Amino acid sequence: MSILSCSDILTLIKNNPPLVESYLSLDLQIQTNGFDLSLRSISRLTSCGRLSLDNKNRVVSARQKMDFGPDGTIHLEQGCYSIIYNEIVHLPKNIMALGLSRSSLLRCGSSLHTAVWDAGYSGRSESLLVVHNPLGQDLEKDARILQLVFSRLTEESSGYDGAYQGENTG
């Protein structure tokens, strides 16, 4: 496996479908070792979730979307939130990705928790935002909050075929 460079990412963004689309500013979001994803929406978790071995009994926690203020910001109290990114990611069957909180978010006392972006996945992803700071966190809509790092697999996979394929794109 190898980590994709900035030039690799730029080349793949020109593909059809592009590696990443619906980005806000290629100049700001492309990084030496990845691509910054930006904040589209935030929701409160409003119910308990459930996981099972075979997903037959899986229940994802219900959510209530929160509104940004007139100035485009939102204040979040300490706690857990579900977020959706602006960008749509289209991973080829030989590339997977890992998401890491941007260091500025961490320095404010908040973190993002993500799962693996499997090779072959396509969609507008969701992550868990945890505000650890007892004073809360202010965020602007479209703030860059996560860096997605892409890795080329040693061989092509069969590709992701799960329940979240194509999520949040309609």
Side-chain angles (χ1 to χ4, degrees), residues 1-43 63 65-76 81-133 135-154 156-157 159-160 164-170:
M1 227 176 1
S2 62
I3 304 297
L4 299 189
S5 69
C6 171
S7 62
D8 293 327
I9 295 166
L10 287 169
T11 298
L12 290 169
I13 285 175
K14 294 174 188 169
N15 280 357
N16 185 18
L19 180 65
V20 180
E21 68 174 298
S22 300
Y23 51 82
L24 305 174
S25 170
L26 191 56
D27 290 338
L28 291 175
Q29 291 178 262
I30 190 77
Q31 301 299 323
T32 303
N33 301 315
F35 195 93
D36 287 345
L37 299 188
S38 61
L39 179 63
R40 178 184 178 110
S41 65
I42 302 174
S43 297
R63 293 131 197 214
K65 189 173 178 183
M66 301 171 70
D67 294 323
F68 290 92
D71 64 350
T73 64
I74 191 166
H75 177 77
L76 302 174
Y81 302 87
S82 177
I83 62 122
I84 298 176
Y85 302 102
N86 285 306
E87 297 73 24
I88 297 172
V89 175
H90 302 282
L91 295 174
K93 291 181 180 180
N94 67 336
I95 294 176
M96 55 86 66
L98 295 173
L100 302 166
S101 301
R102 290 195 68 226
S103 63
S104 297
L105 185 70
L106 295 171
R107 292 166 197 251
C108 291
S110 297
S111 60
L112 284 165
H113 297 268
T114 69
V116 170
W117 273 262
D118 287 315
Y121 166 83
S122 182
R124 181 176 275 128
S125 298
E126 299 185 23
S127 295
L128 179 69
L129 170 67
V130 180
V131 177
H132 303 279
N133 186 333
L135 302 175
Q137 172 76 58
D138 292 336
L139 289 172
E140 288 184 18
K141 183 171 181 356
D142 302 329
R144 294 177 295 134
I145 58 174
L146 178 117
Q147 186 173 21
L148 200 55
V149 177
F150 302 94
S151 296
R152 193 176 313 278
L153 303 178
T154 56
E156 189 170 289
S157 72
Y160 178 75
Y164 303 114
Q165 186 71 287
E167 67 182 323
N168 302 311
T169 58

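Computed from a prediction, not measured in an experiment: that's the story for all the values here.
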Worksheet, complete the sentence: Nearest heavy-atom contact between Ser125 and Trp117 is OG-NE1, 2.5 Å
Response to the item:
When rounded to the nearest 0.5 Å, the distance separating OG of Ser82 from CG of Leu129 is 9.5 Å
Fill in: Flag side-chain contact, heavy atom, 4.5 Å: Ile30 against Phe35
yes
Practice prompt. Report the residue from Arg40, Glu126, Arg124 that forms a side-chain hydrogen bond (donor to acceptor under 3.5 Å, both in side chains) with Asn168.
Written response: Glu126
Practice prompt. Determine whether Leu98 and Ser151 make a side-chain contact, defined as any pair of heavy atoms from C-beta on separated by less than 4.5 Å.
Written response: no
Discussion item. Less than 4.5 Å apart, side chain to side chain, heavy atoms only: is that true for Tyr121 and Glu167?
Written reply: yes
Practice prompt. Under the side-chain contact (heavy atoms from CB on, under 4.5 Å) rule, collect the residues that match up with Asn33, sequence neighbours excluded.
Written response: none
Item to complete: Please examine the side chains of Met96 and Asp118, heavy atoms only from C-beta on, and report whether any two atoms are closer than 4.5 Å.
Response: no
Worksheet item: Taking atom OG of Ser110 and atom NE2 of His132, what is their separation to the nearest 0.5 Å?
Response: 7.0 Å
Worksheet item: Under 4.5 Å between any side-chain heavy atoms of Lys141 and Asn86, yes or no?
Response: yes
Worksheet item: Side chains of Ile83 and Leu139: does their closest heavy-atom pair fall under 4.5 Å?
Response: no
Worksheet, complete the sentence: Closest non-hydrogen atoms of His75 and Gly136, given as atom of the first, atom of the second and distance, are CE1-CA, 4.0 Å
Worksheet item: Got a donor-acceptor contact below 3.5 angstrom from the Ser157 side chain to the Lys93 backbone?
Response: yes
Discussion item. If only side-chain N and O atoms count, and only distance matters, is there a donor-acceptor pair under 3.5 Å linking Thr11 with Asp8?
Written reply: no
Discussion item. So does Asn94 get a backbone contact from the side chain of Glu156, meaning a donor-acceptor N/O pair under 3.5 Å?
Written reply: no
Discussion item. Quick one about Thr73 and Asp138 (side-chain donor to acceptor, distance below 3.5 Å, no hydrogens or angles considered), yes or no?
Written reply: no
Worksheet entry | Reported CZ-to-CD distance for the pair Arg144 and Gln29, which is rounded to 0.5 angstrom | 7.0 Å
When the side chains of residues 17-26 are checked against the rest of the protein, which donor-acceptor pairs come out under 3.5 Å, sequence neighbours left out?
| from | atom 1 | to | atom 2 | distance (Å) |
| --- | --- | --- | --- | --- |
| Glu21 | OE2 | His90 | NE2 | 2.4 |
| Ser25 | OG | Leu28 | N | 3.3 |

Worksheet entry | Interatomic spacing from CD in Glu87 to CG in Leu37 - rounded to 0.5 Å | 5.0 Å
Response to the item:
Scanning both residues in full, the closest heavy-atom pair of Leu146 with Arg102 reads N-CG, 3.6 Å
Practice prompt. Please examine the side chains of Ser111 and Leu105, heavy atoms only from C-beta on, and report whether any two atoms are closer than 4.5 Å.
Written response: no
Discussion item. Within this structure, what is the CD1-NZ distance for the pair Ile42 and Lys65, rounded to the nearest 0.5 Å?
Written reply: 10.5 Å
Worksheet item: Glu140 side chain to Phe68 main-chain N or O, any donor-acceptor pair under 3.5 Å?
Response: no
Discussion item. When you measure from the side chain of Thr114 to the backbone of Ser127, do you find a donor-acceptor pair of N or O atoms at a distance under 3.5 Å?
Written reply: no
Item to complete: Inspect the surroundings of CD in Gln31 and state if more than 12 heavy atoms from other residues, nucleotides or ligands are less than 6.0 Å away.
Response: yes
Discussion item. So which atom in Cys108 and which in Gln137 form the shortest heavy-atom distance, rounded to 0.1 Å?
Written reply: CB-OE1, 3.3 Å
Discussion item. With a 4.5 Å cut-off on side-chain heavy atoms, are Leu12 and Phe150 touching?
Written reply: no
Discussion item. Return the OG to OH distance between Ser38 and Tyr85, rounded to the nearest 0.5 Å.
Written reply: 10.0 Å
